[in-house]
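Encoded as structure tokens, the structure appears first; notes follow it.
Counting from 1, the numbers follow the sequence of the chain as shown.
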Amino acid sequence: MSNSGKLNSSSSELDLDRPNLEDYLPSGTSIQQEPHGKLRLRDLLDISPTLTEAAGAIIDDSFTRCFKSNPPEPWNWNVYLFPLWCFGVVVRYFILFPARVLVLTIGWIIFLSSFIPVHFLLKGHDKLRKNLERLLVELICSFFVASWTGVVKYHGPRPSMRPKQVFVANHTSMIDFIILEQMTAFAVIMQKHPGWVGLLQSTILESVGCIWFNRSEAKDREIVAKKLREHVIGADNNPLLIFPEGTCVNNHYTVMFKKGAFELGCSVCPVAIKYNKIFVDAFWNSKKQSFTMHLLQLMTSWAVVCDVWYLEPQNIRPGETPIEFAERVREIISVRAGLKMVPWDGYLKYSRPSPKHRERKQQCFAESMLRLLEEK
């Protein structure tokens, strides 16, 4: 076959793959091309709403995918495996769950009977009281992990108490804090929660230097930033742990890191957390599930399996901005945990853009497409 024949055949194959714009237009609308094969401006404006709507759908799907739990494929709906699944339900709910509740109850009894005397009777011995409270918080977190039959593998050196350092980790659930806390009593920066979780935050966890904020209060940002700077300076303070994503992501992606932890002028120690979904999905969708129900889901599963990597400390480079520093650390964590980086702000999960903002973005997209097509 001659070269011209090959070119003709390849061009015809490309024509088959090229999308037909007529298919995306409303019925009765067609595109007429200029003699030189260029679209008229009027024709392009006719299809720009369709293009912007399609782009908006793609963007929205890419964003919401970060906050969706992906249920596993059903495996038990056949005559061979269904009886085995029923047996597993009996074991998990009627044998393992009561045993785990008993373990957690014993843990709380031991913790409270020790923490209350230490907290109130050793007020004149601050250093001894802090050390004991730190050990007791690690103990109760260990009981929590045991109540899920947690199988946690820690990689790397155990975090130590040193000034001018901050630990940052990807965030899948509030149990991230519990899993890390059982190894080292971190002071954590976390959203203030209602109910019994909020009660624990305002009483027990404040003893290890934890700092809480309310996402809806703008003035909390300044207060938290000041407390962060004061905390990292103190040599006797517990290591500071921050989840810079600001929200729980489904352990398949990482969203943009907030720059607050990266402009403190100290070393940043990345921590990568990766859960194995073989027994349970550890992602907590706080908009659809309370933390109590999330714990119930974990306690009625076979086990919670995860890996934790304490990675090499990072420092800001000359000429590097805090945002670039944050992205570099996010990439280190994502690569180690096998997570995909996406360019989204996690706060959009709680406050979606206004219709005017979306319309303005769609108009910018249409204008850019117009310029692109006019250049061709």
Side-chain angles (χ1 to χ4, degrees), residues 92-152 154 158-159 161 167 173-214 227 231 234 236-241 243 248 280 282 284 286 289-301 303-304 306 308:
R92 288 189 289 114
Y93 281 86
F94 297 100
I95 299 177
L96 291 181
F97 179 64
R100 290 166 175 172
V101 171
L102 179 62
V103 168
L104 193 57
T105 302
I106 293 173
W108 275 111
I109 293 173
I110 296 173
F111 173 77
L112 293 176
S113 61
S114 305
F115 184 86
I116 293 174
V118 167
H119 186 72
F120 291 102
L121 300 180
L122 294 179
K123 286 192 174 181
H125 306 80
D126 290 342
K127 188 173 182 178
L128 177 60
R129 186 183 67 172
K130 282 185 177 181
N131 290 335
L132 291 176
E133 286 177 345
R134 184 183 301 120
L135 291 173
L136 289 172
V137 169
E138 291 176 2
L139 178 66
I140 189 60
C141 289
S142 298
F143 274 106
F144 266 107
V145 175
S147 70
W148 316 322
T149 315
V151 181
V152 186
Y154 296 93
R158 180 173 179 171
M161 292 178 57
F167 290 81
S173 168
M174 200 188 300
I175 71 169
D176 300 337
F177 164 71
I178 298 175
I179 287 174
L180 296 177
E181 199 79 2
Q182 76 158 349
M183 177 65 69
T184 304
F186 287 103
V188 71
I189 312 300
M190 190 182 293
Q191 162 75 16
K192 184 70 175 178
H193 290 276
W196 65 272
V197 177
L199 180 62
L200 293 180
Q201 288 177 326
S202 59
T203 53
I204 296 170
L205 295 181
E206 282 193 358
S207 64
V208 293
C210 295
I211 302 171
W212 317 113
F213 66 90
N214 191 340
K227 288 182 178 180
H231 188 98
D236 295 331
N237 293 333
N238 292 323
L240 182 64
L241 173 65
F243 298 105
C248 295
V280 67
W284 177 37
S286 57
Q289 188 182 45
S290 68
F291 189 65
T292 303
M293 293 304 298
H294 182 56
L295 284 182
L296 181 63
Q297 178 185 358
L298 299 179
M299 294 178 68
T300 53
S301 67
V304 174
C306 77
V308 176

Step-by-step side-chain contact (heavy atoms from CB on, under 4.5 Å) determination, Ile189 to Phe243: CA-CA 7 Å; Ile189 312 300; Phe243 298 105; over 6 Å; no
Please name the pair of heavy atoms, one in [X] and one in [Y], separated by the smallest distance, quoted to 0.1 Å.
{"X": "Pro159", "Y": "Thr184", "value": "CD-OG1, 3.6 Å"}
{"X": "Pro239", "Y": "Ala185", "value": "CD-O, 3.9 Å"}
{"X": "Gly209", "Y": "Ala187", "value": "O-CB, 3.4 Å"}
{"X": "Phe177", "Y": "Phe186", "value": "CE1-O, 4.3 Å"}
{"X": "Val280", "Y": "Ala303", "value": "CG1-O, 3.5 Å"}
{"X": "Ala282", "Y": "Ser173", "value": "O-CB, 3.2 Å"}

Mutual orientation of the aromatic rings belonging to Phe111 and Phe115 [parallel < 30°, tilted 30-60°, perpendicular > 60°]: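 Answer is parallel, since the angle falls under 30°.
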His294 and Trp284 aromatic ring geometry - parallel, tilted or perpendicular at 30°/60° bounds: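 Geometry flag for His294 against Trp284: parallel rings.
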Within 6.0 angstrom of Met161 CE, more than 12 heavy atoms from elsewhere: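 Yes, the 6.0 Å shell around CE holds more than 12 heavy atoms from other groups.
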More than 12 heavy atoms of other groups within 6.0 Å of Asp236 CG: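 Count not over threshold, so no.
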How long is the gap from [atom1] on [X] to [atom2] on [Y], to the nearest 0.5 Å?
{"X": "Gln182", "Y": "Cys141", "atom1": "CD", "atom2": "SG", "answer": "7.5 Å"}
{"X": "Leu295", "Y": "Ser290", "atom1": "CG", "atom2": "OG", "answer": "8.5 Å"}
{"X": "Tyr93", "Y": "Ser301", "atom1": "OH", "atom2": "OG", "answer": "9.0 Å"}
{"X": "Glu138", "Y": "Met183", "atom1": "CD", "atom2": "CE", "answer": "9.0 Å"}
{"X": "Met299", "Y": "Phe144", "atom1": "CE", "atom2": "CZ", "answer": "8.5 Å"}
{"X": "Ser207", "Y": "Leu205", "atom1": "OG", "atom2": "CG", "answer": "7.0 Å"}

Those residues that, when tested against Phe143, pass ring pair (Phe, Tyr, Trp, His ring centres under 6.0 Å) (two or more places apart):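 Here no residue qualifies.
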With His125 via ring pair (Phe, Tyr, Trp, His ring centres under 6.0 Å) - residues at least two apart: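 Partners of His125 by the ring pair (Phe, Tyr, Trp, His ring centres under 6.0 Å) criterion come out as none, since no residue qualifies.
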Output a table of donor-acceptor pairs, distance under 3.5 Å, between side-chain atoms of residues 130-137 and any protein atom two or more places apart or on a different chain; print 'none' if there are none.
{"unit_1": "Asn131", "atom_1": "OD1", "unit_2": "Arg134", "atom_2": "NH1", "d": "2.8"}
{"unit_1": "Asn131", "atom_1": "ND2", "unit_2": "Lys127", "atom_2": "O", "d": "3.3"}
{"unit_1": "Glu133", "atom_1": "OE2", "unit_2": "His119", "atom_2": "ND1", "d": "2.8"}
{"unit_1": "Arg134", "atom_1": "NE", "unit_2": "Asn238", "atom_2": "OD1", "d": "2.5"}
{"unit_1": "Arg134", "atom_1": "NH2", "unit_2": "Asn238", "atom_2": "OD1", "d": "2.9"}

Leu139 side chain reached by Ile110 side chain, heavy atoms, under 4.5 Å: yes
Pairwise side-chain contact, Leu104 with Trp148, heavy-atom cut-off 4.5 Å (strictly under): no
Side-chain (Arg92) to main-chain (Thr300) donor-acceptor, under 3.5 angstrom: yes
From CA spacing to verdict: side-chain contact (heavy atoms from CB on, under 4.5 Å), Phe167, Val188: CA-CA 9 Å; Phe167 290 81; Val188 71; over 6 Å; no
